[in-house]
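Working notes, structure below.
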Amino acid sequence: MAELSYDRILTVYRLGAGASPLQRRLQDPVEHYYREMEVYGARYVQGRQVGETITMLVAIPRMDCDERVAADMYCVPEDGRVYRIFQAAHGFDANGMPITTLSLSAPEGKYELLKN
């Protein structure tokens, strides 16, 4: 059995509506444990073919009770930077645990985080 550690916190957000792009805010934060993975050449090239640069790849455990994390949502891993979720692929890790693999790219614009 492979040793896979999901020991970091990733906060996932939805991008709320706004009258202009500068007024849109990240909202509805949900935290997930994650592990960082290596961005391989094939995934990087796949993103570049559609004008995206995949800068980070992470995996989060998936449970039936969880709300689905999907493409075009945003997240903040432990490095504190905001990333756009380019792709969310549902599958299983080496231990057979259900996971969602997220391909992340740095967004072009800046978004204000909505605080409670």
Side-chain angles (χ1 to χ4, degrees):
M1 189 178 274
E3 179 68 32
L4 302 176
S5 179
Y6 299 87
D7 59 354
R8 299 177 183 182
I9 300 290
L10 176 79
T11 307
V12 177
Y13 298 87
R14 296 187 185 286
L15 185 60
S20 75
L22 294 177
Q23 294 176 335
R24 297 179 77 182
R25 297 172 190 243
L26 298 177
Q27 58 190 21
D28 303 327
V30 177
E31 291 185 340
H32 296 272
Y33 285 100
Y34 78 97
R35 69 179 175 93
E36 194 167 343
M37 301 167 62
E38 186 174 340
V39 178
Y40 290 102
R43 189 161 311 242
Y44 178 82
V45 170
Q46 177 188 26
R48 293 302 302 155
Q49 289 174 339
V50 293
E52 291 285 334
T53 301
I54 306 301
T55 55
M56 183 180 272
L57 189 65
V58 300
I60 60 173
R62 178 174 39 92
M63 296 181 209
D64 290 337
C65 61
D66 283 345
E67 183 177 329
R68 290 281 177 153
V69 176
D72 294 326
M73 294 175 85
Y74 290 78
C75 66
V76 178
E78 287 191 347
D79 69 6
R81 296 180 54 200
V82 176
Y83 294 89
R84 187 172 75 80
I85 299 173
F86 170 69
Q87 182 182 43
H90 308 291
F92 297 90
D93 68 11
N95 294 328
M97 181 175 166
I99 62 169
T100 300
T101 302
L102 305 175
S103 300
L104 309 180
S105 64
E108 293 179 16
K110 295 194 179 227
Y111 299 94
E112 183 178 338
L113 298 179
L114 181 64
K115 306 268 187 204
N116 289 341

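This chain uses plain numbering: 1 for the first residue, then up along the sequence. For clarity, every value in this text was computed on a predicted model and none was experimentally measured. We use all heavy atoms of the structure for the numbers below, so side chains are in, but hydrogens, waters and symmetry mates are not.
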(request) Show your reasoning for whether side-chain contact (heavy atoms from CB on, under 4.5 Å) applies to His90 and Arg68. (result) CA-CA 10 Å; His90 308 291; Arg68 290 281 177 153; 3.2 Å; yes
(request) Check the pair Val76, Leu10 against side-chain contact (heavy atoms from CB on, under 4.5 Å), reporting the backbone distance first and the verdict last. (result) CA-CA 6 Å; Val76 178; Leu10 176 79; over 6 Å; no
(message) Between Val30 and Thr11, does the side-chain contact (heavy atoms from CB on, under 4.5 Å) criterion hold? Intermediate values first, please.
(response) CA-CA 6 Å; Val30 177; Thr11 307; over 6 Å; no
(message) I'd like to know whether Ile85 forms a side-chain contact (heavy atoms from CB on, under 4.5 Å) with Ser103, so could you lay out the CA-CA distance, the side-chain angles of the two residues, the decisive distance to 0.1 Å, and finally the verdict.
(response) CA-CA 6 Å; Ile85 299 173; Ser103 300; over 6 Å; no
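In this structure, CD1 on Ile99 lies 5.0 Å from CG on Asp93, to the nearest 0.5 angstrom. To the nearest 0.5 Å, atom CE of residue Met56 and atom SG of residue Cys75 are 8.0 Å apart. Separation of atoms OG1 (Thr101) and CE (Met37) is listed at 4.5 Å; rounding is to 0.5 Å. The structure places CD of Glu36 at 9.0 Å from CG of Leu104, a figure rounded to the nearest 0.5 Å. Atoms CD1 and NE2, from Ile9 and His32 in turn, are 10.0 Å apart once rounded to the nearest 0.5 Å. With values rounded to the nearest 0.5 angstrom, Ser5 atom OG is found 10.5 Å from Tyr33 atom OH.
Looking at heavy atoms from C-beta onward, Pro61 lies in side-chain contact with Met97 at the 4.5 angstrom threshold. A heavy-atom distance below 4.5 Å is found between the side chains of Leu102 and Val69.
In terms of heavy-atom proximity, Tyr34 sits nearest to Pro77 at OH-CB, 3.4 Å. When every heavy atom of Ala70 is checked against every heavy atom of Ala88, the shortest pair comes out as CA-CB, 4.0 Å.
Arg35 contributes no side-chain N or O that, together with a main-chain N or O of Tyr6, makes up a donor-acceptor pair within less than 3.5 Å. At least one donor-acceptor pair closer than 3.5 Å links the side chain of Asp79 to the backbone N or O of Arg81.
Ion pairing of Asp72 with Arg84 is present here, as a side-chain N (NZ or NE/NH1/NH2) and a carboxylate O approach within less than 4.0 Å.
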